[in-house]
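Notes for the one structure printed next.
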Amino acid sequence: MSKKTQENTAGLSRRSFIKGAGTLAAASMFGGVAPYVMSNEKKVLRYLGTAVNQDKAIAAKAKEDLGITIEYIPVTTDEVTKRILTQPNSFDLVDTEYFSLKKLVPSGNLIGMNASKIKEFDNIVTAFTKGEVAGKKIGDQGTAPKKVFYKEGEKSTNFSSTPTEWVTLIPTVYNADTLGIRPDLIGRPINSWAELLNPEFKGKASILNIPSIGIMDAAMVVEAMGEYKYPDKGNMTKKEIDLTMKVLTEAKKQGQFRAFWSDFNESVNLMASGEVVIQSMWSPAITAVRTKGIPCVYQPLKEGYRAWAAGFGLPTTIKGYQQDLAYEFINWFLSGWAGAYLNRQGYYSAVLPTAKANMEAYEWDYWMLGKPAAKDIMSPGGQKLASAGEVRDGGSYETRMGGVACWNAVMDENRYMVRKWNEFIAS
Amino acid sequence: MARQNSSSILALPFASVLATFFILPLILVVVVSFWDYTEYSLIPDLILMNYEELFYGCFDWSEGLCTTFATYLSTFKYVFLTWFFTLGIGFGVALYLVFCVRSLKMQIVLFLICTIPFWTSNVIRMISWIPLLGRNGIVNTSLMSMGVIDQPIEWLLYSGFSVTLGFVHLYTLFMVVPIFNSMAKIDRSLIEAAKDSGASAWQIITNIIIPLSRSGIMIGSIFVITIVVGDFITIGVLGGQQIASVGKIIYVEMSYLQFPAAAANAVVLVSITLLMVAAMMRIVNVRKEL
């Protein structure tokens with residue numbers, strides 16, 4: 001279960017707010033770059049990213065603490081990637097997901113981040129740097145952050161497998177995703193990804209129509225059903241893609257799915273209206289359903305979670321004063337206030353000790369330690385997210401992040417995969 | 001000679017706008033469709049791969065229809081259904097407005113009423129169907145409380161039915177306006193003459209009104225067909241994204257930076273649409289009849 005403020009749930013999702021329309025994408029494609037005048041008197045950072053960290057409260061606090069004005073450029077995940085590749089001058093700071101790095105780093109449009117300029121660098125959670133949680137290895141299938149964490153040099157277009165001074169992204173936020181369910185309409189325990197394709201839920205299941213993430217969820221299901229064990233779900237061979245899509249296509253032909261969704265709000269509506277009782281879902285969507293007074297659980301499953309992670313990067317074109325400002329903001333971001341803010345929404349912040357210092361003990365116990373809430377749990381926006389006595393879905397940080405099976409990924413066979421996905425939709 | 005000069009000068013501004021914002025981009029799309037690409041870059045080239053991938057398996061019927069053909073078939077199914085219903089309703093509405101409503105003032109009032117739905121965005125108009133048609137929606141709950149059905153009707157939403165309904169709702173006006181326009185130009189004395197000669201209402205419609213309003217019918221049809229052919233929003237929202245459309249495939253390819261593949265798809269789509277429009281223009285010479 002993850003939480004998100006009302007401001008965000010109102011219309012924006014973590015990785016995308018692809019309007020079903022796609023109109024925004026089109027609009028930003030043609031007219032997205034606002035004219036910008038460089039000025040040293042004004043401390044302004046143009047912050048490109050998706051909505052998760054683009055919270056008004058964070059920008060307001062940054063203005064108050066640092067005097068830096070944050071100009072958000074909120075676009076979809078795919079649009080972030082497109083912007084970095086095609087318009088690297090249109091932002092000063094980008095917040096993107098680790099899995100896109102396989103496309104971004106070879107382009108040379110992102111500069112290596114200097115680890116020595118990051119005060120809290122040594123406190124960044126080991127889930128990023130070593131792929132470990134509490135000293136134990138976690139699943140690293142897909143584009144696990146540790147695989148793409150370091151670059152060979154500041155301007156290098158290669159990843160480094162050993163630690164260097166140059167980091168691809170400075171981590172900000174991450175989480176473990178799973179299936180969302182309507183416990184009231186299902187009425188029995190759910191504990192496996194295989195349930196998504198259980199004929200019991202015929203016409204009441206949904207999967208997300210974003211190929212690279214949808215196929216990972218499908219792979220979790222295929223494995224859970226015992227059909228096949230992937231060497232790496234995040235990097236399938238053509239044969240494995242065929243197999244996965246075949247299972248999905250058969251289910252679709254049998255009428256298993258009510259609908260697919262690609263926008264956060266669609267998933268909320270499907271769940272809240274009872275059209276769907278089990279589906280792949282993102283954490284803020286669960287909160288949005290719950291705030292309508294409808295029971296919804298972010299169900300932990302025995303096969304584990306599909307994780308994602310995001311971080312800050314800088315464009316190669318950023319220089320001097322502007323670059324110092326960006327580092328100043330990043331250091332502030334990791335210094336605790338923003339981390340606590342994210343943790344209270346049910347995400348995880350990259351530097352835990354500073355976030356802990358900014359949270360009440362009962363909040364920390366609930367969000368991070370998986371203990372029953374001592375008091376009612378409120379979102380940063382002041383909405384009640386859980387009553388006293390309730391426990392977070394999936395439990396503590398160590399259980400949830402420790403249970404990660406794979407990470408969002410870009411496959412080598414991405415091109416083939418997208419074709420196959422289109423074929424699946426047409427079937 | 002002077003007249004010809006001045007008319008080409010007058011046409012110049014619009015021609016240059018068209019050339020810059022339509023012809024040039026279109027040429028670019030064609031050019032890019034022959035390029036190669038990777039995850040993060042476009043590679044200028046002259047290859048047929050994008051087209052080969054597009055038509056992969058299309059000429060091997062043993063495996064059933066290939067993705068591209070299946071997608072076009074599904075797209076054309078909705079084009080036809082939408083055209084059929086919008087034409088029927090649009091013609092009926094225009095006929096009523098022009099020939100049954102006597103006062104001009106009333107005609108204008110009723111015509112404006114037809115446009116009221118256009119005061120809201122078309123995405124909102126689409127989405128409003130969802131609470132109405134859903135499993136626990138208004139239609140199902142009222143039918144169940146009236147005892148007409150015991151189980152909610154599933155095919156009301158996220159089905160071919162809801163997609164067609166959405167299209168018809170959204171685009172009927174595009175049919176009404178041009179047909180209304182051409183009907184309004186029909187000389188009333190023709191109809192009176194027909195009546196005096198003993199023609200039935202049906203004969204008047206088929207022998208006088210339809211032939212004389214065919215330019216409006218054709219323009220309306222072109223609007224509706226070209227809009228529906230490229231649509232992916234309505235099909236996505238009301239079809240639960242389970243129904244394929246060419247527009248959606250292009251959209252997915254673009255979001256994965258596969259611009260050349262998307263361009264190849266677009267070239268095929270534009271060619272087919274142009275062929276359709278050309279065929280329709282052959283049936284009715286719109287320019288002559290306007």
With a 4.5 angstrom heavy-atom cut-off, which part of [X] approaches chain B: side chain, backbone, both or neither?
{"X": "A:M411", "answer": "backbone"}
{"X": "A:L85", "answer": "side chain"}
{"X": "A:V105", "answer": "neither"}

Other residues, nucleotides, ligands: >12 heavy atoms within 6.0 Å of [X] [atom1]:
{"X": "B:F223", "atom1": "CZ", "answer": "no"}
{"X": "B:F22", "atom1": "CZ", "answer": "no"}
{"X": "B:F118", "atom1": "CZ", "answer": "yes"}
{"X": "A:K246", "atom1": "NZ", "answer": "no"}

Could you tell me which of [options] has the largest number of non-hydrogen atom pairs under 4.5 Å with chain B?
{"options": "A:R415, A:K102, A:E275", "result": "A:R415"}
{"options": "A:P211, A:S206, A:G203", "result": "A:P211"}
{"options": "A:N414, A:L104, A:I84, A:N209", "result": "A:N414"}

query = Is any NZ, NE, NH1 or NH2 atom of the basic residue among A:R419 and B:E253 found under 4.0 Å from an Asp or Glu carboxylate oxygen of the other?
reply =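 The answer is no: the pair does not qualify as a salt bridge.
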task = Enter the distance from B:Q242:CD to A:F260:CZ here, rounded to the nearest 0.5 Å.
result = 4.0 Å
Gap separating the CG atom of B:L257 from the OG1 atom of A:T86, nearest 0.5 angstrom =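 The distance works out to 8.0 Å.
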remark   = Heavy-atom closest pair (B:A244 atom, A:A426 atom, distance to 0.1 Å) is CB-CA, 3.3 Å
ask   = What do the steps show when you test B:I130 against A:N269 for side-chain contact (heavy atoms from CB on, under 4.5 Å), and what is the final call?
value = CA-CA 9 Å; B:I130 295 176; A:N269 292 335; 6.0 Å; no
Region of B:Y37 that comes under 4.5 Å of a non-hydrogen atom in chain A =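 Backbone plus side chain of B:Y37, per the 4.5 Å heavy-atom cut-off to chain A.
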task = Counting only heavy atoms closer than 4.5 Å, note whether B:S74 contacts chain A via side chain, backbone, both or neither.
result = neither
query = Can a donor-acceptor pair be found between the side chains of A:T81 and B:Y256 at a distance below 3.5 Å?
reply =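 No, B:Y256 and A:T81 have no side-chain donor paired with an acceptor closer than 3.5 Å.
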task = Could you go through the side-chain contact (heavy atoms from CB on, under 4.5 Å) check for A:K82 and B:F259 one step at a time?
result = CA-CA 11 Å; A:K82 223 187 278 175; B:F259 289 109; 3.7 Å; yes
request  = Heavy atoms only, distances under 4.5 angstrom: which of B:G236, B:P152, B:G134 has the most pairs with chain A? Name it, please.
outcome  =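 Top option by heavy-atom pairs under 4.5 Å: B:G134.
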message = For A:R258 and B:L157: C-alpha separation, side-chain torsions, deciding distance, then whether side-chain contact (heavy atoms from CB on, under 4.5 Å) applies.
response = CA-CA 9 Å; A:R258 180 65 172 152; B:L157 186 59; 3.9 Å; yes
query = Any side-chain heavy atom of A:W421 within less than 4.5 Å of one from B:I249?
reply =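 The answer is no; the side chains never approach within 4.5 Å.
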